[in-house]
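First up is the structure itself, then whatever we jot down about it.
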Amino acid sequence: MRQLSDLTLHNLTVAVDDDGIAVVSLNRPTKRNALDEATIEELIDVFSTMPRSGVRACVLRAEGTHFCAGLDLVEHWKADRSAADFMHVCLRWHEAFNKMEYGGVPVIAALKGAVVGGGLELASSAHIRVADQTTYFGLPEGQRGLFTGGGATIRVADLIGKARMIDMMLSGRLYRGHEAVDVGLAQYLVDDSEAKTMELARAAARNPPLSNFAICSAISHMQNMSALDAGYAESVVAGVVNTQEAAKERLRAFADGSGARIKPAEA
């Protein structure tokens, strides 16, 4: 079985600490971490390997001042792709982002600077998004004469609604700050997104892996089902997860008073 350390990577770096927290970094800062074909293939490799490599949570971050400026437009222009060629490029983007969303490992994105176009599609594939004060979100495809191809019509529309997504694409509207959080593009707005993502990753890593797997895969699958089928699938998943040994141990601690209580932190 391949491990993350076995992968040959050029546009990404991966480090895993002793607690099983993987830090995956986009590493094309001179290109504002734009996504070329090679980077997408590396994302597929990393997120295909991660679920069975002992990783308990993943932080997705970027080198430089921008998270991701989207599709590498220079590569796309130089390649002079046919419609069929670009369709297959898009399918590889979907493969990469599906591996993230459905892989069962919590992926927490530390955002900064540009999160636009394909960069927003990448970010929307993470389970939690943490923005800092420099972060701005956009879908400039309309101004470029393009259309989204990496899942924005699925994930971004799900986050913010169809009308807001269409507005972003037609008008070039950008979201940032509290407004971005309010519409659903990020769950947190902080001064240091990387510190916050690591805090969240460590919290998630303390959960039983089977619980995290269900949270970070089953919910997305159930959203694709009819309500009747989703209810049945939820019952099956709950039957498996809620009877695992790790759950029994935590329930025992709750029952005997030794477990932590769920309550707000003291002010």
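By the 30° and 60° cut-offs, the orientation of the rings of His66 relative to Tyr136 is perpendicular.
Between the NE2 atom of His127 and the OG atom of Ser220 there is a distance of 5.5 Å, given to the nearest 0.5 Å. Atom CG of Asn224 sits about 11.5 Å away from atom CG of Asp229, to the nearest 0.5 Å. Leu71 contributes atom CG, which lies 11.5 Å from atom OG1 of Thr148 (distance to the nearest 0.5 angstrom). Here Met50 contributes atom CE and Leu7 contributes atom CG; the two are 9.5 Å apart, rounded to the nearest 0.5 Å. Taking CG of Leu91 as the start and CZ of Phe86 as the end, the distance is 10.5 Å to the nearest 0.5 Å. To the nearest 0.5 Å, the span separating SG on Cys68 from CG on Leu35 amounts to 3.5 Å.
Counting heavy atoms of neighbouring residues, nucleotides and ligands inside a 6.0 Å radius, atom NZ of Lys112 exceeds 12 of them. Other residues, nucleotides and ligands place no more than 12 heavy atoms under 6.0 Å from the CZ atom of Phe213.
Ser258 and Asp256 form a side-chain donor-acceptor contact under 3.5 Å, judged by distance and modelled atom types alone. No hydrogens or angles considered: a donor-acceptor pair under 3.5 Å links the side chains of Asn212 and Asn207. Gln244 and Ser211 are linked by a side-chain donor-acceptor pair at a separation below 3.5 angstrom, with hydrogens and angles left out of the test.
One finds a salt bridge joining Glu199 and Lys196 here, because a Lys/Arg side-chain nitrogen approaches an Asp/Glu carboxylate oxygen to under 4.0 Å. Ionic pairing of Arg92 and Glu41 is present here: one or more N-O contacts between side-chain nitrogen and carboxylate oxygen are shorter than 4.0 angstrom. A salt bridge links Glu245 to Lys248: one of the charged nitrogens lies within less than 4.0 Å of a carboxylate oxygen. Using a 4.0 Å cut-off between a side-chain N of Lys or Arg and a carboxylate O of Asp or Glu, Glu101 and Lys99 do not qualify as a salt bridge. Salt-bridge formation is detected for the pair Glu37/Arg81: a Lys NZ or Arg NE/NH1/NH2 atom is positioned less than 4.0 Å from an Asp or Glu carboxylate oxygen.
With sequence neighbours left out, Arg202 forms a salt bridge (Lys or Arg N to Asp or Glu O under 4.0 Å) with Asp17, Asp19.
Here the shortest heavy-atom pairing between Ala57 and Val105 reads CA-CG1, 3.9 Å.
No donor-acceptor pair under 3.5 Å is formed between the side chain of Thr49 and the backbone N or O of Arg2. Under a 3.5 Å cut-off, the side chain of Asp45 and the backbone N or O of Glu42 do not form any donor-acceptor pair. No side-chain donor-acceptor contact under 3.5 Å links Arg144 to the backbone of Leu73. Glu75 contributes no side-chain N or O that, together with a main-chain N or O of Asp36, makes up a donor-acceptor pair within less than 3.5 Å. Put simply, the side chain of Arg32 never gets that close to the backbone of Pro29: no donor and acceptor are under 3.5 Å apart. At distances below 3.5 Å, at least one donor-acceptor pair connects side-chain atoms of Thr135 with backbone N or O atoms of Leu111. Checked by atom type and distance alone, the side chain of Asn33 pairs as donor or acceptor with a backbone atom of Arg28 at under 3.5 Å.
Between Leu120 and Met168 there is a side-chain heavy-atom pair separated by less than 4.5 Å. Considering only heavy atoms from C-beta on, Tyr175 comes within 4.5 Å of Arg173 through its side chain.
Grouping Ile, Leu, Val, Met, Phe, Trp and Tyr by side-chain contacts under 4.5 Å, direct or through others, puts Ile108 with Ile128, Val130, Tyr188, Val190, Leu200.
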